[in-house]
> 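Please see the structure below; I have some questions.
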There are 2 protein chains.
Amino acid sequence: MDTDRIERVREFNRYYTRHLGVLTDRYLGQDRPLGQARLLFEIGAGSDVRELRERLGLDSGYLSRLLRALTDQKLITVRAHPADRRVRIAELTAAGHAERAELDRRSAAGIAELLDRLTDGQRDQLLDAQARIRRLLRTAALTVEPVPAGDPAARDCLHRYAAELATRFPEGYDPATITAADQVDGTTLLAREDGRPAGCGLWIHLAPRIAEIRHLWVAPPARGLGLGRRLLHALEADAAAHGVSIVRLGTHAALTEAIELYRRGGYRQIAGYSDSVYNQLAFEKTLGQSSQSS
Amino acid sequence: MDTDRIERVREFNRYYTRHLGVLTDRYLGQDRPLGQARLLFEIGAGSDVRELRERLGLDSGYLSRLLRALTDQKLITVRAHPADRRVRIAELTAAGHAERAELDRRSAAGIAELLDRLTDGQRDQLLDAQARIRRLLRTAALTVEPVPAGDPAARDCLHRYAAELATRFPEGYDPATITAADQVDGTTLLAREDGRPAGCGLWIHLAPRIAEIRHLWVAPPARGLGLGRRLLHALEADAAAHGVSIVRLGTHAALTEAIELYRRGGYRQIAGYSDSVYNQLAFEKTLGQSSQSS
DNA sequence: CCACTTCTCTGACCTGTGTCAGAGAATTCT
DNA sequence: AGAATTCTCTGACACAGGTCAGAGAAGTGG
């Protein structure tokens, strides 16, 4: 195995957490237990308790006691949800907002002190390297997996896809155009980032050994990570594994990034094969033996 | 202030610690409290208790109980130091070594899983960016400060400097050449990285308004961080602040990096002014108003 | 109306981490 | 030899974090 690289990453982690992680957390948890401090941040403008429990991954008993401690300190107030009085809503008081701002200021002060010791160019280098690492970690966190055609997360992606097209196409977009679940005789792929849906795509048969790729979409926050290309390749590989040798797809002239993606992916433009009004352009690719997922 | 940059660094810290930091620590502390796991690593080939306490920054009572827990699990043995029976020495048993290797393996497995999801080029990008960040953080952690001429840490640096020259000069180096503490009528500067001495340098008067910079040295682990340049500039600034307008220094032909440093720093070579056998080359710089520390 | 579910809170409990004071053994200083 | 110092261990204590079972209030469905 690649032990040298692994060791270097671990070395970095040790160094980084010791120097920066500690730095910021210590500032945060200076007067106040870390749990309470985090909760103050997480409450923000006001959140219901159930949501907080979910976001912070806490036991209901523990969270309840944390909330109690904060109300005793008059930093938050807790009241019942107007619609469902079982649910309770936590909100920051004026003192809570002040405390939160103070914690925020302190945590930022630690970073400011660090940045102060660097030249302007070095600061930019730092930010640049951090952005690159983050991008790579996010890329590694992305998963692409087949899901049943009716999968709720996938359907949700398709609706967001439709909503986006409606704003991008001058003529709008009719949501009824989306392929119905029972119409998918190929495969639906769903991409996730840390469990949250991040993109989708599906293919269906046009004829024996001929497939059509549809509804390839990447959620805005996941763009720029190469996910479109990855989904496209995965769909091709999956279709090939099901005996498909030719893949077609149609797209709209307004979707310039998509067109670029298909061109780079080895697709060539063909005459229109579809009667969908949105498919202004058509593309085709012959799947060879070399088609691989990645 | 530069709130945007600060916010971006904090964002990165949150993301990174959540994704990678957590990852490794969870693997480490899976079956075993983190304190015990860390102790197992720190003991390594065998260490005396006092040293462990220092390295991990633990209370003697707490450490004692951690050691007890590990001995009860037959992972370590503790015996008295042969020379001083108050001091105790902890050593891993065979089982302890196995356990340590297992923890190590698990922690590495988390990283390996991550790296596996990246292409080879992405892996290199990740390592490269991490190395850059680490370099920048270390640079920011370096401090340069004046110390009394007899400061033990500074004297220690000078001895290490002498030891290094002894190996680098074909003719060796006589430690008696080092400027005595009572001979320093200028300033001694000491560089530290996280408290540990990382380099030194000093200047003395050759004549009114003329100073000589001596014994500029950077500890091997701190090289490549621009510390030599920083020490040199700081010495110049300090001398200028004490009314010095001309700085001279002598060096040995074997010290090519130093010679390069002086050339880049605006020094020009002059005829030898010193009778020291090690000063094969001599340099001089006139300090202008623009001389600044940084 | 009744049974069931959902949501929060309370009390009891556990573990890990950390601090403090002092005892006891070994060593060093005078 | 006796006093002072060094080093480790023990016991007592505190607190944060976290888990579990169950009570009680509020809502939902038949």
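Heavy atoms only: backbone and side chains are in, while hydrogens, waters and symmetry mates are out. Every chain is numbered from 1 and lettered A, B, ... according to where its sequence line falls, protein lines coming before strand lines. Note that the structure is a prediction, hence the values are computed from the model and not measured.
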> If I take atom CG in residue B/Asp59 and atom P in nucleotide C/dA21, what distance separates them, rounded to the nearest angstrom?
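So the CG-P distance, B/Asp59 to C/dA21, works out to 11 Å.
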> Between the base of C/dC7 and the side chain of A/Ser60, is there a donor and acceptor pair under 3.5 angstrom?
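It does not, because no donor-acceptor pair links the side chain of A/Ser60 to the base of C/dC7 below 3.5 Å.
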> Find out whether the Lys NZ or Arg CZ of A/Arg134 is both under 6.0 angstrom from the six-membered ring centre of B/Tyr15 and within 45° of the ring's axis.
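Yes, A/Arg134 and B/Tyr15 form such a contact.
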> Report the residues that fulfil salt bridge (charged side-chain N to carboxylate O under 4.0 Å, His left out) with B/Arg68, sequence neighbours left out, ordered by chain and then residue number.
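Applying salt bridge (charged side-chain N to carboxylate O under 4.0 Å, His left out) to B/Arg68 gives B/Asp72.
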> Can you check the B/Leu66 CG to C/dT19 P distance for me, whole Å?
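Those two atoms, CG and P, are 12 Å apart.
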> Quickly work out the B/Tyr62 OH to D/dT10 P distance and round it to whole Å.
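Roughly 16 Å, once rounded to whole Å.
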> Do B/Asp104 and A/Arg10 meet the salt-bridge criterion of a basic N to acidic O distance under 4.0 Å?
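Judged by the 4.0 Å cut-off on N to carboxylate O distance, A/Arg10 and B/Asp104 do form a salt bridge.
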> Around atom CD of A/Glu51, are there more than 12 heavy atoms from other residues, nucleotides or ligands closer than 6.0 Å?
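It does: A/Glu51 CD has more than 12 such atoms within range.
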> So A/Leu67 and A/Leu39, do their side chains get closer than 4.5 Å, heavy atoms only?
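They are in side-chain contact.
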> Return a single string for nucleotides 24-30 of chain C, one symbol per nucleotide in 5' to 3' order, where B is base contact, S is sugar-phosphate-only contact and - is none, cutoff 4.0 angstrom on heavy atoms.
--BS---
> So, using side-chain contact (heavy atoms from CB on, under 4.5 Å) as the criterion, who are the partners of B/Ala176 when residues are at least two apart?
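B/Asp174.
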> Please list, in numerical order, the residues of residues 67-78 of chain A that have a heavy atom closer than 4.0 Å to any atom of DNA chain D.
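None - not one residue of the stretch has a heavy atom sitting under 4.0 Å from the strand.
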> Can you tell me how far CZ of B/Arg53 sits from CD of B/Glu42, rounded to the nearest 0.5 angstrom?
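With rounding to 0.5 Å, CD (B/Glu42) is 14.0 Å from CZ (B/Arg53).
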> Please enumerate all residues that pass side-chain hydrogen bond (donor to acceptor under 3.5 Å, both in side chains) together with A/Asp128, with sequence neighbours excluded.
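Listed in chain order: A/Arg132.
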> Rounded off to whole Å, could you give me the CZ-to-P distance for the B/Arg79 and D/dT8 pair?
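Whole-Å distance recorded here is 14 Å.
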> Whole angstroms only, please: what is the CG-C1' distance between A/Leu63 and C/dT8?
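After rounding, the gap between these two atoms is 10 Å.
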> Expressed in angstrom and rounded to an integer, what is the separation of B/Gln36 atom CD from C/dT17 atom P?
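My rounded result for the distance is 8 Å.
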> For DNA chain C, determine which residues of residues 42-54 of chain B have any heavy atom closer than 4.0 angstrom to one of its atoms, and list them numerically.
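Under 4.0 Å from DNA chain C: no residue of residues 42-54 of chain B.
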> Is the shortest side-chain heavy-atom distance between A/Arg123 and B/Arg5 below 4.5 Å?
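They are in side-chain contact.
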> Between D/dT8, C/dT8, C/dC9, which nucleotide has the shortest distance from any of its atoms to the side chain of B/Val87?
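Selected nucleotide (nearest to the side chain): D/dT8.
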> May I ask you to decide whether A/Glu113 forms a salt bridge with A/Arg117, counting only side-chain N to carboxylate O separations under 4.0 Å?
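Salt bridge flag = yes for A/Arg117 with A/Glu113.
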> When the distance from CG of B/Leu58 to P of C/dG16 is rounded to whole Å, what number comes out?
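Those two atoms, CG and P, are 15 Å apart.
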> Regarding A/Gln73 and A/Arg32, is there a side-chain donor-to-acceptor distance under 3.5 Å anywhere?
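Yes, A/Arg32 and A/Gln73 have a side-chain donor paired with an acceptor closer than 3.5 Å.
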> Once you round it to whole Å, what is the distance between P of C/dC9 and CZ of A/Arg65?
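For the pair A/Arg65 CZ and C/dC9 P, the rounded distance is 11 Å.
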